[in-house]
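Heads up: numbering here begins at 1 and tracks the sequence.
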Amino acid sequence: MSQKKNIRLLIDARMLYSSGIGIYLQELLNYLKNIEGVHCLIREEDDVFFTIRDIPFTIFNESIYSIREQLNYPFKLPKADIFWSPHYNTPILPIRCKKRVVTIHDVYHLTDVGQINLKQKIYANLLMQNSIRRSNQIITVSEFSKNEIIRHTGCKADKISVIHNGVAEINTIADLPNKKYNIPEKYLLFVGNVKPHKNLIVLCQAFLKLPNNLQDELKIVIVGKKEGFITGDIQLLDLINNEPMLQENVIFTGYVEDEDMNAIYQKAMIFIFPSLYEGFGLPPLEAMLNSTPVICSDIPPLKEICDDAVLYFDPKNSDDLVTKIIHMNDHNIAEKYVLLGNNRAKEFTWKKSFDKHLEVFNL
């Protein structure tokens, strides 16, 4: 589609609908579409997104991380001044681009927290090291991730630019049909990938220890693909299957349309994010912007992003989480964190993020 002449910025946009990276791409493309000389590599099924926004593109259907992807990069990538990959699956072979920029959101796959097999870890390390070696500049999303990249790869600090993600603006109070997604009246909310490092087991353990009055009126709502939970966290699956209280009170929404997410955040009593490892942690900010009080694990990246606007707990201690849920059930305390959260979330905008990306791209 369109002419490929004078491409200033070539973007690998094939992860447009891939969880957090997808949000990152979509939000930045809403600004980048106005920059002359932007061109994208896309999957064929995503062409509507780019056609509507009048962003020129080239179809590249090879799977992320695949050998075919690497073999075909040199033939599919048009000439460009800068090639930007929003993930570390960057080309190993030479390409016709003068400069390369890569975003490495975290090094989860290189850590002990990343529960992947040895073959996957070796391949992830190969791609990560290749990205760092071949890229002129590396973008990451937090000071924590910058330090992790340096620690696990030996990358030099001056090659890494920290650019925080933004959070989409909320203009109105959203509405949600009562029976859509089986959302209850009062619930604790989690949003994100349902994988072991998200540590949902501690949330379920805490629910079983709540006082009877809270157990009777609350449920847990998990916005995430249940399939990932079934294949990715056997311990959690066993706990729910063996506890009738959890079988009855843990609700998986399955896929949720983007336009319904604000309502799900706004209706929640508390948003809980018990993760053991994050590069940034966007869902807590989304909850804050939707005026929902937040309880987070006290890991460094979340403390960097959320500052004093959330109530922290030890993610390896379900009793601590019980205490914090009871504490946040106090209306005055919840209101305090709603105000703090609203103010903190407004500091993170996609416009700020876009402007800093432009500085790195030198456009």
Side-chain angles (χ1 to χ4, degrees), residues 15-31 46 48-49 52-53 86 105 141 164-195 198-200 203 218-229 250-275 278-297 302 305-306 309-310 328 334 337-338 341-351 353:
M15 297 184 75
L16 187 70
Y17 294 107
S18 298
S19 189
I21 293 175
I23 294 172
Y24 172 72
L25 266 173
Q26 290 174 43
E27 294 290 348
L28 291 179
L29 282 168
N30 283 332
Y31 291 98
D46 297 335
V48 173
F49 178 95
I52 289 173
R53 290 161 180 78
H105 299 262
V141 294
H164 287 150
N165 291 327
V167 60
E169 294 181 14
I170 308 298
N171 296 319
T172 58
I173 296 175
D175 189 29
L176 189 72
N178 287 337
K179 294 186 178 179
K180 195 170 185 180
Y181 310 114
N182 195 29
I183 299 295
E185 285 299 312
K186 198 169 183 180
Y187 55 93
L188 307 173
L189 177 66
F190 169 83
V191 176
N193 290 325
V194 192
K195 295 179 181 178
K198 295 297 183 179
N199 199 31
L200 285 171
L203 174 55
L218 283 173
K219 294 184 184 295
I220 297 173
V221 171
I222 297 173
V223 177
K225 294 180 181 178
K226 192 174 181 181
E227 292 76 18
F229 149 70
V250 176
I251 297 168
F252 286 88
T253 63
Y255 175 75
V256 171
E257 296 176 31
D258 290 343
E259 57 265 32
D260 293 330
M261 275 308 308
N262 290 338
I264 291 176
Y265 275 121
Q266 289 168 14
K267 285 169 59 70
M269 174 184 145
I270 305 169
F271 177 79
I272 299 179
F273 204 61
S275 184
E278 294 291 327
F280 182 81
L282 189 57
L285 288 178
E286 292 175 337
M288 291 182 212
L289 210 58
N290 276 288
S291 299
T292 301
V294 174
I295 298 175
C296 270
S297 56
L302 295 182
I305 302 306
C306 299
V310 305
M328 193 69 90
Y337 281 103
V338 165
N342 242 260
N343 291 334
R344 179 63 176 171
K346 287 174 182 174
E347 296 178 23
F348 296 83
T349 70
W350 285 113
K351 180 61 168 62
S353 183

S.K.: Look at the side chain of T253 and the backbone N and O of Y181, then say whether any donor-acceptor pair between them is shorter than 3.5 Å.
M.R.: no
S.K.: Can you tell me how the ring of F273 sits relative to the ring of F190, calling it parallel under 30°, perpendicular over 60° and tilted otherwise?
M.R.: parallel
S.K.: V223 versus M261: any side-chain heavy-atom pair under 4.5 Å?
M.R.: yes
S.K.: The test is side chain to side chain contact (heavy atoms under 4.5 Å, CB included); show your working for Y187 and K267 and say whether it passes.
M.R.: CA-CA 8 Å; Y187 55 93; K267 285 169 59 70; 3.1 Å; yes
S.K.: Could you tell me whether a side-chain N or O of H105 sits under 3.5 Å from a main-chain N or O of P86, the two making a donor and an acceptor?
M.R.: yes
S.K.: Look only at the side chain of R344 and the backbone of I305, and say whether a donor-acceptor pair between them is shorter than 3.5 Å.
M.R.: yes
S.K.: Are K198 and E278 close enough for a salt bridge, meaning some N to O gap below 4.0 Å?
M.R.: yes
S.K.: Quick check: do F348 and F280 have side-chain heavy atoms less than 4.5 Å from each other?
M.R.: yes
S.K.: Show the numbers, then the answer: is there a side chain to side chain contact (heavy atoms under 4.5 Å, CB included) between M288 and V310?
M.R.: CA-CA 9 Å; M288 291 182 212; V310 305; 3.3 Å; yes
S.K.: Quick one: pull up CG in L200 and CD1 in I222 and give me the separation to the nearest 0.5 Å.
M.R.: 5.0 Å
S.K.: Look up atom CD1 in I220 and atom CZ in F252, then write down how far apart they are to the nearest 0.5 Å.
M.R.: 9.0 Å
S.K.: Any donor and acceptor pair, going by atom type alone, linking the side chain of S353 with main-chain N or O of H164 inside 3.5 Å?
M.R.: yes
S.K.: Mind checking what makes side-chain contact (heavy atoms from CB on, under 4.5 Å) contact with Y17, not counting sequence neighbours?
M.R.: Q26, R43, D46, F49
S.K.: Can you measure from CD (E286) to CG (L289) and round to the nearest 0.5 angstrom?
M.R.: 9.0 Å
S.K.: Does the side chain of N342 pick up a donor-acceptor pair with the side chain of S291 at under 3.5 Å?
M.R.: yes
